[in-house]
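Worksheet: one structure, shown below.
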Number of protein chains: 2
Amino acid sequence: MSKDSPSKVSPNADSPSTTRQRRSSDQVTLSQVAQAAGVSPITASRALNYPDKVSDSARLSVLQAVEQLGYVPNLVAGSLASSRSRLIAVIVPSLINSVFVEVIKGLQETLEAEGYQILLGNTDYDLDREYQLVRTFLGWSCSALVTAGLRHNKACHTLLANWDHPIMEVMELGKGMDLNVGLDHVAAGRCMASHLIDKGYRHIVYVGARLSQDYRARMRFDGHQSVLKEEGLDAPLLELDTLGSLQAGAEGLTQVLAQYPHTQAIHFANDDLAAGALLAAQRQGLNVPKDIAIAGFNGLPLGQHVTPQLTTILSPREEMGRLAAKELIRRLSGKNVYRRQHDVGFTLQAGGST
Amino acid sequence: MSKDSPSKVSPNADSPSTTRQRRSSDQVTLSQVAQAAGVSPITASRALNYPDKVSDSARLSVLQAVEQLGYVPNLVAGSLASSRSRLIAVIVPSLINSVFVEVIKGLQETLEAEGYQILLGNTDYDLDREYQLVRTFLGWSCSALVTAGLRHNKACHTLLANWDHPIMEVMELGKGMDLNVGLDHVAAGRCMASHLIDKGYRHIVYVGARLSQDYRARMRFDGHQSVLKEEGLDAPLLELDTLGSLQAGAEGLTQVLAQYPHTQAIHFANDDLAAGALLAAQRQGLNVPKDIAIAGFNGLPLGQHVTPQLTTILSPREEMGRLAAKELIRRLSGKNVYRRQHDVGFTLQAGGST
DNA sequence: AAAACGAATGGTAGCGCTATCATGACAGCG
DNA sequence: CGCTGTCATGATAGCGCTACCATTCGTTTT
């Protein structure tokens with residue numbers, strides 16, 4: 001057969017002389033590779049996807065043809081035919097917050113090594129946006145979906161509940177839809193509050209930014225508050241309206257000192273805020289921790305490089321991503337997961353700032 | 001017709017009683033939506049993709065049916081049929097370096113608003129890895145590809161040169177394959193070196209990390225070196241083998257002081273290193289800039305919060321991402337781009353550290 | 001020796017959608 | 001009144017690949 005291969009003629013050949021539509025695309029196809037290799041298309045497909053299902057000679061000639069023709073597999077077609085895509089949807093609420101980026105990094109290095117690609121979505125802390133992203137991503141027949149957090153809106157929940165692929169919810173710990181890797185933020189808040197009380201502080205303010213969005217920071221406050229309540233202490237909360245940043249931390253410090261002059265210690269929702277406050281305190285000639293003690297959350301490297309070192313809670317973020325990816329891969333390759341829920345824990349890092 | 005819709009019978013109906021294969025997927029299809037809406041599948045398709053190409057009544061009943069059936073479009077099938085995917089491949093060399101994350105953020109906020117999704121790839125500064133990623137991404141019929149940097153290996157270059165979709169190379173400025181948004185790193189290096197000389201420093205060391213990988217930092221050194229040479233000064237280079245980080249910066253400071261005791265100023269390849277050195281200097285009781293002047297590159301927020309403020313060069317990273325995205329969208333929607341090359345420039349931010 | 005089995009390969013028919021062409025209806029125009 | 005142009009809709013045929021069976025052939029089992 002000639003190599004322009006008009007494939008089969010249409011069933012009823014009564015069509016007149018008018019040549020039917022012919023959408024082309026100069027792209028090299030698997031059929032061309034197969035032809036060059038002297039095998040059938042399906043064998044060529046197997047040679048690439050299930051190398052040990054074909055003879056050595058067949059595999060070799062297919063690979064040679066691939067090389068020679070510069071064949072690039074059309075993954076879209078493959079996915080449609082097999083309804084598997086090797087795409088993993090990853091949905092995070094923010095890219096400014098380096099915490100999520102580190103999780104993504106952990107996910108990516110593990111998933112890419114296994115031949116999965118990441119489809120990235122950013123909700124900007126908007127659950128409706130999350131729903132839209134999920135819808136889109138399901139349309140791509142993703143192999144799995146990773147999302148930050150256990151909270152979703154109604155529509156999103158319904159959609160995901162009826163989806164028959166692995167779902168991994170990361171960051172926090174709790175009763176999720178499927179798989180879950182995270183840490184207990186309430187406990188983390190309690191841990192830090194206890195530390196501050198142990199250190200002798202009694203007037204402690206919690207400072208967070210946009211807690212309605214960053215509800216995990218809110219959970220830490222809940223833990224913090226419960227400890228203080230148990231000690232019979234007030235647990236004032238200062239909520240900033242800006243995003244967490246060094247700048248916001250500096251402003252937080254100012255506001256706390258104005259509103260609660262007797263404050264001995266500030267428990268910040270994260271290290272960006274805390275470090276910003278610490279650096280600002282230094283600029284103002286305040287002594288940390290004598291004049292004011294400062295604590296954060298995350299364990300960012302910056303905290304270890306300021307003087308005094310920042311007291312913080314170290315959360316294993318990249319590890320969280322790696323673990324999540326590993327569990328997903330395990331599930332995707334048909335094995336059972338060890339556990340549906342993983343507590344990655346956290347570590348109190350007491351520095352000189354408290 | 002019954003609603004199980006076996007669609008058309010195969011051309012020659014001489015097949016025996018054996019029911020042919022039937023791969024199912026409980027997923028709601030566009031045909032079902034069309035049926036429920038009382039229109040043909042193609043009209044349903046148009047109602048969703050080209051709303052103004054159908055009558056109001058048709059559009060309405062299709063949208064209703066979509067809602068009622070919970071239809072989620074199969075984007076894989078759509079992409080195969082139309083060979084357009086609304087996916088944009090983004091390839092960066094690292095996610096640790098926040099610089100790339102900020103570019104991604106700029107890209108994403110702009111692209112997502114236009115209904116594009118990001119396929120993210122990380123090369124870890126490995127050009128062969130980049131080639132693999134490009135191959136994979138081309139297989140997804142991406143609408144466009146964004147990659148950090150102008151350097152690619154031979155195979156990658158060939159592949160991209162024959163690809164007929166927009167290619168956007170970001171970060172640095174130069175003769176690219178297609179579109180280019182970035183800044184002139186050699187000029188940035190010259191700029192900072194000139195600043196240091198203007199300030200009266202004569203013994204200046206450049207400190208970078210893994211310059212063979214981070215060749216843009218190397219280009220800045222080239223600029224730095226040329227200025228110093230013009231002034232008849234030595235331009236010693238200290239290359240660290242770790243990745244750029246606060247910790248590495250602290251080590252860089254130590255090594256410089258040991259190897260080049262007369263050093264008056266250190267020009268660091270980026271702000272992470274510089275800030276790490278500045279904080280380390282403070283811990284060691286060194287006066288910045290009297291004992292040692294320190295300069296960085298990037299304009300990270302951290303630099304503005306340390307005391308003294310870090311002298312650095314501000315690069316518009318998010319802006320770079322946004323601009324790149326806008327140009328891509330412009331191109332993808334058929335309009336001509338204004339220019340193929342955009343210089344986003346940079347700004348010297350002189351702080352107290354020099 | 002016959003039957004049963006497994007490995008390698010191939011023919012066929014879709015996966016769910018959209019590009020292309022065709023059609024019918026209706027308005028505008030000489 | 002027929003001609004052309006525009007609009008809304010539909011029938012058909014793939015996009016490039018892989019799942020599903022069927023077939024062949026060489027090897028093992030009874």
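Lettering of chains follows the sequences in order, A, B, ..., and the numbering in each one begins at 1. Being a predicted model, the structure only gives us computed values, none of them experimental.
Rounded to an integer number of Å, the gap from CD of A/Gln27 to C1' of D/dG14 is 15 Å. The nearest whole Å value for the distance from the CG atom in A/Leu80 to the P atom in D/dG14 is 17 Å. As rounded to whole Å, 11 Å separates atom P of C/dT20 from atom NZ of B/Lys53. Between B/Arg84 atom CZ and C/dT18 atom P there is a gap of 9 Å when expressed in whole angstrom units. For A/Asn74 and C/dC15, the CG to C1' distance is 13 Å, given to the nearest whole Å. Atom-to-atom, CG of A/Leu30 to P of C/dG10 comes out at 12 Å; the value is rounded to the nearest Å. Computed from coordinates, the B/Asp52 CG to D/dA8 P distance equals 9 Å when rounded to whole Å. Taking atom CG of residue A/Leu75 and atom C1' of nucleotide D/dC15, one finds them 14 Å apart after rounding to whole Å.
The stretch residues 39-51 of chain B comes close to DNA chain D through B/Val39, B/Ser40, B/Ile42, B/Thr43, B/Arg46, each having a heavy atom under 4.0 Å from the strand.
Remark: the backbone N or O of A/Leu150 is not paired with any side-chain donor or acceptor of A/Asn180 at under 3.5 angstrom. A donor-acceptor pair under 3.5 Å is formed between the side chain of B/Arg86 and the backbone N or O of B/Gly115. Using a distance-only test at 3.5 Å, with no hydrogens or angles considered, no donor-acceptor pair links the side chain of A/Ser45 to the main chain of A/Pro41. In this structure, B/Ser85 contributes its side chain and B/Ser141 its backbone to a donor-acceptor pair below 3.5 Å.
Of the candidates D/dT18, C/dA19, C/dT9, C/dA19 carries the atom nearest the B/Ser82 side chain, counting heavy atoms from C-beta on. Set against D/dC17, C/dT18, D/dT9, the side chain of A/Tyr71 has D/dC17 as its closest nucleotide.
Contact annotation for A/Arg59: no contact, since no heavy-atom pair falls under 4.0 Å across all strands.
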Salt bridge (Lys or Arg N to Asp or Glu O under 4.0 Å) evaluation trace for B/Arg129 with B/Asp124: CA-CA 8 Å; B/Arg129 183 95 194 86; B/Asp124 266 319; over 6 Å; no
In sequence, state the C-alpha distance, the side-chain angles, and the governing distance for A/Glu327 and A/Arg331, and then conclude on salt bridge (Lys or Arg N to Asp or Glu O under 4.0 Å). CA-CA 6 Å; A/Glu327 283 296 345; A/Arg331 169 74 78 86; over 6 Å; no
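Proximity of B/Ser55 to the phosphate of D/dT9: a side-chain N or O atom is located under 4.0 Å from OP1 or OP2.
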Please set out all donor-acceptor pairs under 3.5 angstrom arising from side-chain atoms of residues 57-65 of chain B, sequence neighbours excluded.
unit_1  : atom_1 : unit_2  : atom_2 : d
B/Ser57 : OG     : B/Ser55 : OG     : 3.3
B/Arg59 : NE     : B/Pro51 : O      : 2.9
B/Arg59 : NH2    : B/Asp56 : OD1    : 2.7
B/Ser61 : OG     : B/Ser57 : O      : 3.1
B/Ser61 : OG     : B/Ala58 : O      : 3.1

